[in-house]
Number of protein chains: 2
Amino acid sequence: MSDATAVLRRFNRSYTQRIGALDDSFLGLGLPLGAMRVLFETGDGCGAQELRERLGLDSGYLSRVLRQLEDRGLVAVEADPADRRRRTVTPTTAGRRTLRTLDDRSEELAERLIAPLTERQRDRLTDALATADLLVRAATVSLDPVDPASPPARHAMGRYFDELDRRFPGGFDPGPVDDVSSMTAARGGTFAVALSDGVPVAAGGVQRIGEGVGEIKRMWVDDAWRGAGLGSRVLRHLEAEVVRLGYDVVRLDTNRSLGEAVAMYARAGYREIERYNDNPYAEAFFEKVLG
Amino acid sequence: MSDATAVLRRFNRSYTQRIGALDDSFLGLGLPLGAMRVLFETGDGCGAQELRERLGLDSGYLSRVLRQLEDRGLVAVEADPADRRRRTVTPTTAGRRTLRTLDDRSEELAERLIAPLTERQRDRLTDALATADLLVRAATVSLDPVDPASPPARHAMGRYFDELDRRFPGGFDPGPVDDVSSMTAARGGTFAVALSDGVPVAAGGVQRIGEGVGEIKRMWVDDAWRGAGLGSRVLRHLEAEVVRLGYDVVRLDTNRSLGEAVAMYARAGYREIERYNDNPYAEAFFEKVLG
DNA sequence: GCCAATACCTGACTAAAGTCAGACACATGT
DNA sequence: ACATGTGTCTGACTTTAGTCAGGTATTGGC
């Protein structure tokens with residue numbers, strides 16, 4: 001048993017016993033836990049299918065739970081005008097009130113929990129939990145290959161361009177059309193997006209730039225996720241993809257203003273080479289020979 | 001919403017979604033969760049009553065769960081020879097095997113969870129969780145007034161003496177008889193023990209040493225719990241008790257080798273005074289006037 | 001030896017949570 | 001217009017988890 005898992009498991013035990021009680025705020029509002037979870041997940045309104053997926057519910061079961069909530073006047077269930085087979089669920093005023101009560105209770109429980117701690121200890125706890133949260137989220141991020149033209153990939157690249165524009169001294173302009181087809185399997189490329197709770201938090205792609213040579217393109221990590229090792233995870237994944245696609249050399253270009261990225265490439269065994277393309281934004285060029 | 005509760009609640013959400021799955025190791029062994037919990041709590045054998053108390057179960061319900069476990073050959077339920085109304089529950093070989101499987105699964109889940117993290121991130125996570133664990137446990141410690149002659153109080157004082165013996169240059173000898181009756185309500189005193197999972201982790205008492213003067217005695221915090229603010233919590237509690245008991249001055253003595261304690265008293269507003277007793281182990285004397 | 005208390009057992013009951021198979025309305029591609 | 005597929009609803013069912021009111025065996029105090 002490694003030290004890390006032992007600590008994790010010890011934490012899990014003390015946590016579920018103590019803070020798990022935060023979830024008790026779901027109780028005692030006159031609704032069974034299942035219905036409460038559905039109402040909670042509904043938030044400001046969402047589709048029935050989404051609820052089923054997120055909560056992993058049987059469609060028959062959800063149907064009944066929704067009727068229960070509807071009968072109590074907590075939500076309105078209506079047919080989606082765009083596709084009348086689907087249902088959309090919206091909380092009513094009473095439903096929102098219940099949600100607010102839920103929130104208040106949870107807040108109160110959290111406050112009571114940390115009440116015995118001094119200011120300094122609270123700060124330490126907050127720091128520790130924020131770190132743990134980041135790392136746990138990072139560990140459970142799923143890195144999935146996607147079509148570079150798909151919405152999550154577009155979203156990730158959009159964020160990437162925004163960041164370049166912010167960080168490059170003269171800004172960045174991706175140009176009017178952005179052809180990403182070189183990063184599809186059909187053309188010897190690939191693209192992967194890391195999702196957390198369905199939201200892209202990191203991404204990167206590979207394209208072919210010559211005989212036996214792949215190129216890593218558009219590697220991006222969300223600002224809020226820096227320091228959780230997502231960058232090197234994406235890099236390792238893309239390198240494995242490069243090998244899988246049959247290249248033995250991988251290249252990439254970057255800009256000096258992206259200091260952490262340059263440092264990461266150096267750490268990962270990349271060596272600087274001569275300019276190999278005419279990308280006007282690129283200032284540094286790297287290469288790594290993959291075994 | 002304070003920052004601390006926001007972080008705690010954010011953590012709770014991501015945690016229950018991700019690591020909460022550690023508890024799923026209870027599932028899929030062919031036993032319902034309730035029965036599994038009972039088997040798990042049984043450990044190396046324990047009384048039925050203890051199980052009921054620890055898990056908060058109805059006696060009828062437990063009776064049935066135990067029979068279920070017995071029918072599957074996982075535990076042996078027998079009458080306690082000392083009191084034949086009571087039942088003792090012991091896991092059989094098969095039961096132990098099931099418990100081991102449970103442990104293996106949980107370990108595997110924990111390993112899979114941290115697998116995507118690098119060594120350095122794992123260390124950071126471990127540190128963060130250990131800190132969070134300590135503080136969460138400390139926050140949920142209950143500080144209860146008890147008879148100073150009761151087993152938990154005796155246990156705490158025993159640990160206290162052991163520590164003095166270890167830390168005092170010449171060792172420490174409490175003497176043959178230890179009269180603690182001065183710390184009972186009947187004689188204008190009190191004693192409190194901080195319990196975590198039923199185990200004493202800190203303690204301290206108050207006794208009367210003169211007109212309007214109380215004395216804090218035998219304040220102790222378990223080594224493993226240093227840095228979680230238990231010391232100052234016990235101190236605050238005892239000062240409140242001193243006020244409640246009608247004294248307006250509180251005194252205490254200590255030894256220079258207990259540096260953290262001396263520092264804590266200074267921080268809490270105690271001022272050093274002349275020797276006020278003939279305790280041969282005491283080197284420093286403090287007093288605080290309570291409003 | 002008797003009585004009250006204690007520890008557990010039994011039967012009867014309930015609510016919650018979920019599964020499954022079929023029914024039905026609507027959507028989509030041809 | 002038609003076949004096929006999708007999203008939801010309904011009824012019938014199961015398991016789990018638990019409660020409650022008595023009942024029985026055992027114990028300790030008198």
Side-chain angles (χ1 to χ4, degrees), chain A residues 16 20-21 23-42 45-72 74-90 98 102, chain B residues 16 20-21 23-42 45-72 74-90 98 102:
Chain A
T16 42
D23 300 332
D24 291 353
S25 39
F26 275 18
L27 264 49
L29 254 4
L31 272 176
L33 197 136
M36 212 72 227
R37 273 169 57 205
V38 168
L39 175 60
F40 185 78
E41 203 63 34
T42 299
C46 80
Q49 207 162 13
E50 218 179 320
L51 285 175
R52 273 215 327 268
E53 227 169 82
R54 284 215 294 252
L55 294 167
L57 299 178
D58 174 87
S59 86
Y61 182 43
L62 178 64
S63 172
R64 255 175 283 261
V65 169
L66 284 179
R67 176 133 77 247
Q68 196 181 9
L69 288 171
E70 207 177 11
D71 287 349
R72 305 221 187 187
L74 297 172
V75 301
V77 181
E78 278 157 345
D80 181 340
D83 179 345
R84 302 185 47 74
R85 289 171 307 181
R86 298 183 190 216
R87 298 282 146 134
T88 54
V89 189
T90 339
T98 306
L102 209 64
Chain B
T16 43
D23 300 331
D24 291 353
S25 40
F26 274 19
L27 264 51
L29 254 3
L31 272 177
L33 198 136
M36 212 72 227
R37 273 168 57 204
V38 168
L39 176 60
F40 184 77
E41 203 63 34
T42 300
C46 79
Q49 206 163 13
E50 218 179 320
L51 286 175
R52 273 215 324 270
E53 226 169 83
R54 284 215 295 251
L55 294 167
L57 301 177
D58 173 86
S59 87
Y61 182 43
L62 178 64
S63 172
R64 257 175 283 260
V65 169
L66 284 179
R67 176 135 76 247
Q68 196 182 7
L69 288 170
E70 207 177 10
D71 287 348
R72 305 220 186 187
L74 298 172
V75 301
V77 181
E78 278 157 345
D80 182 340
D83 179 344
R84 301 182 48 74
R85 286 170 306 181
R86 298 183 189 215
R87 298 280 146 131
T88 55
V89 189
T90 338
T98 306
L102 209 64

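Residue numbering restarts at 1 for every chain, and letters A, B, ... go by the order of the sequence lines.
Residue pairs meeting the salt bridge (charged side-chain N to carboxylate O under 4.0 Å, His left out) criterion with at least one partner in residues 59-72 of chain A, sequence neighbours excluded, do not occur; the list is empty.
Taking the nucleotide of DNA chain C with the nearest heavy atom to each of B:Ala48 and A:Ser59, the more 5' of the two is matched to B:Ala48.
Applying the salt bridge (charged side-chain N to carboxylate O under 4.0 Å, His left out) test to B:Arg86 and every residue at least two apart in sequence or in another chain returns B:Asp83. Scored by the salt bridge (charged side-chain N to carboxylate O under 4.0 Å, His left out) test, B:Asp80 finds no partners at all (sequence neighbours excluded).
Judged by distance alone, the side chain of A:Ser63 and the main-chain N or O of A:Ser59 form no donor-acceptor pair under 3.5 Å.
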May I have the list of side-chain donor-acceptor pairs in residues 51-58 of chain A shorter than 3.5 Å, sequence neighbours left out?
residue, atom, partner, partner atom, Å
A:Arg54, NE, A:Glu41, OE2, 2.8
A:Arg54, NH1, A:Glu50, OE2, 3.1
A:Arg54, NH2, A:Glu41, O, 3.0
A:Asp58, OD2, A:Gly60, N, 2.8
A:Asp58, OD2, A:Tyr61, N, 3.1

Item to complete: Report, as a single string ordered 5' to 3', how protein heavy atoms within less than 4.0 Å touch nucleotides 12-20 of chain D: B base, S sugar-phosphate only, - not at all.
Response: B---SSBBB
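Here the P atom of nucleotide D:dT26 and the CD atom of B:Gln49 are 17 Å apart, to the nearest Å.
We find the CG-CG distance between A:Leu66 and A:Leu39 to be 10.0 Å, quoted to the nearest 0.5 Å.
A heavy-atom distance below 4.5 Å is not found between the side chains of A:Leu69 and A:Val77. Contact of the B:Thr98 side chain with the B:Met36 side chain is registered, since non-hydrogen atoms from C-beta on lie closer than 4.5 Å.
Applying a 4.0 Å cut-off to non-hydrogen atoms, the residues of residues 75-87 of chain A that approach DNA chain C are A:Asp83, A:Arg84, A:Arg85, listed by residue number.
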Worksheet item: After noting the C-alpha distance and the side-chain angles of B:Leu31 and B:Leu74, does the key distance pass the side chain to side chain contact (heavy atoms under 4.5 Å, CB included) rule?
Response: CA-CA 11 Å; B:Leu31 272 177; B:Leu74 298 172; 3.4 Å; yes
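Contact footprint of chain A on DNA chain C: nucleotides with an atom under 4.0 Å from a non-hydrogen protein atom, first to last in 5' to 3' order, C:dA16 to C:dA27.
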